[in-house]
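Taking it in order: structure first as structure tokens, then the write-up.
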Amino acid sequence: ESLASIGDRAFEGCDGLESVTIPSGVTNIGDYAFYHCDGLNSVEMMDGVSHVGEGAFEFCGGLESVTISPDLTNVASYAFYHCSGLKSVTISTDVASVGTDAFRGCSAIEVIHVNGDGDRTALRQILSEGGVDVDHVTFDYEGEPPAPPEEPERPDDPPEKPVVEP
């Protein structure tokens, strides 16, 4: 019989964990399942994971990279809250919801690798609502060169002067 779910608080505070691969067949990661696992530096979710519970990886300060299952549709509130070392996230455009503050405090995120053919604008919006500073992150869309962060308009810049030819 295979594992279908990782229970609530199953590995809470396990500082010895360095890397976690959630195997195919697991569909649910419970609330606070890996809460405060300070030694954790990478998480890979294989096909099948559809839900990451509230606070599942909250306060995993050493976490640097997360590869989210292409089957994931829901990231609950605070799932990656204050993973201050998180630099890279791989996620699918098929994610339907990202809860409140799911990525709040993840100020080190540099790049989000995006898989799938879904609505990219909607993904950016739900990631923004989940706490990602989407204006300062590089989005790397599968099969395309990475798109750098968008430069905000600066109203203090003087307007361009027209070129007058003699």
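Under the 4.5 Å side-chain criterion, counting only non-hydrogen atoms from C-beta, V43 is in contact with L63. Using a 4.5 Å heavy-atom threshold, the side chains of R124 and I112 count as separate. Residues I91 and L123 are in side-chain contact: their nearest non-hydrogen atoms beyond the backbone lie under 4.5 Å apart. At least one side-chain heavy atom of T21 sits less than 4.5 Å from a side-chain heavy atom of M46. In this structure, the side chains of T93 and Y141 stay at 4.5 Å or more apart for every pair of heavy atoms. Looking at heavy atoms from C-beta onward, V137 lies out of side-chain contact with V111 at the 4.5 angstrom threshold. At a threshold of 4.5 Å between non-hydrogen side-chain atoms, the residues V89 and I68 count as touching. Considering only heavy atoms from C-beta on, I29 comes within 4.5 Å of I22 through its side chain.
Between atom CD1 of residue I109 and atom SG of residue C106 there is a gap of 5.0 Å, rounded to the nearest 0.5 Å. Note that CG of D119 and CD1 of I126 are 9.5 Å apart. Values are rounded to the nearest 0.5 Å. How far CG of D140 is from OG1 of T138: 8.5 Å, rounded to the nearest 0.5 Å. In this structure, the separation between CG on D71 and OG on S24 is 8.5 Å, given to the nearest 0.5 Å. Residue M45 holds its CE atom at 12.5 Å from OG1 of T27, rounded to the nearest 0.5 Å.
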Quick one: do F57 and V52 satisfy side-chain contact (heavy atoms from CB on, under 4.5 Å)? Show the steps, please. CA-CA 9 Å; F57 297 93; V52 175; 4.1 Å; yes

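Among residues two or more places apart in sequence or in another chain, the side chain to side chain contact (heavy atoms under 4.5 Å, CB included) test is passed with S97 by N74. For E64, the side chain to side chain contact (heavy atoms under 4.5 Å, CB included) test picks out no residue, with sequence neighbours left out. With sequence neighbours excluded, the residues that form a side chain to side chain contact (heavy atoms under 4.5 Å, CB included) with S92 are D94. Here H51 pairs with nothing under the ring-ring contact (aromatic ring centres under 6.0 Å, His included) rule; sequence neighbours left out. By the side chain to side chain contact (heavy atoms under 4.5 Å, CB included) test, T100 pairs with S77, sequence neighbours left out.
Summarising the geometry of C60 relative to H36, their closest heavy-atom pair is SG-N, 4.2 Å, with the distance given to 0.1 Å. Scanning all heavy atoms of the two residues, the minimum distance from G30 to A56 falls at O-CB, 3.7 Å. Between A102 and A76, the shortest heavy-atom distance links the atoms CB-O, 3.6 Å.
The list of ring pair (Phe, Tyr, Trp, His ring centres under 6.0 Å) pairs with a residue in residues 107-128, not counting sequence neighbours, is empty. Counting only residues at least two apart or on different chains, no salt bridge (Lys or Arg N to Asp or Glu O under 4.0 Å) pair has a member in residues 39-57. Every pair passing salt bridge (Lys or Arg N to Asp or Glu O under 4.0 Å) that includes a residue from residues 95-107 is listed here, sequence neighbours excluded: D101-R104.
Cation-pi contact between R120 and F139: absent, since separation from the ring centre below 6.0 Å together with deviation from the ring axis within 45° is not met.
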Compile the donor-acceptor pairs under 3.5 Å between side chains in residues 5-20 and protein atoms, sequence neighbours left out, one pair per line.
unit_1	atom_1	unit_2	atom_2	d
S5	OG	N28	ND2	3.2
D8	OD1	D31	N	2.8
R9	NH1	E12	OE1	3.1
R9	NH1	E12	OE2	3.4
D15	OD1	D38	N	3.2
S19	OG	S42	OG	3.2

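In the hydrophobic clustering, where aliphatic and aromatic side chains (Ile, Leu, Val, Met, Phe, Trp, Tyr) are joined below 4.5 Å either directly or transitively, Y78 groups with Y32, Y35, F59, Y81.
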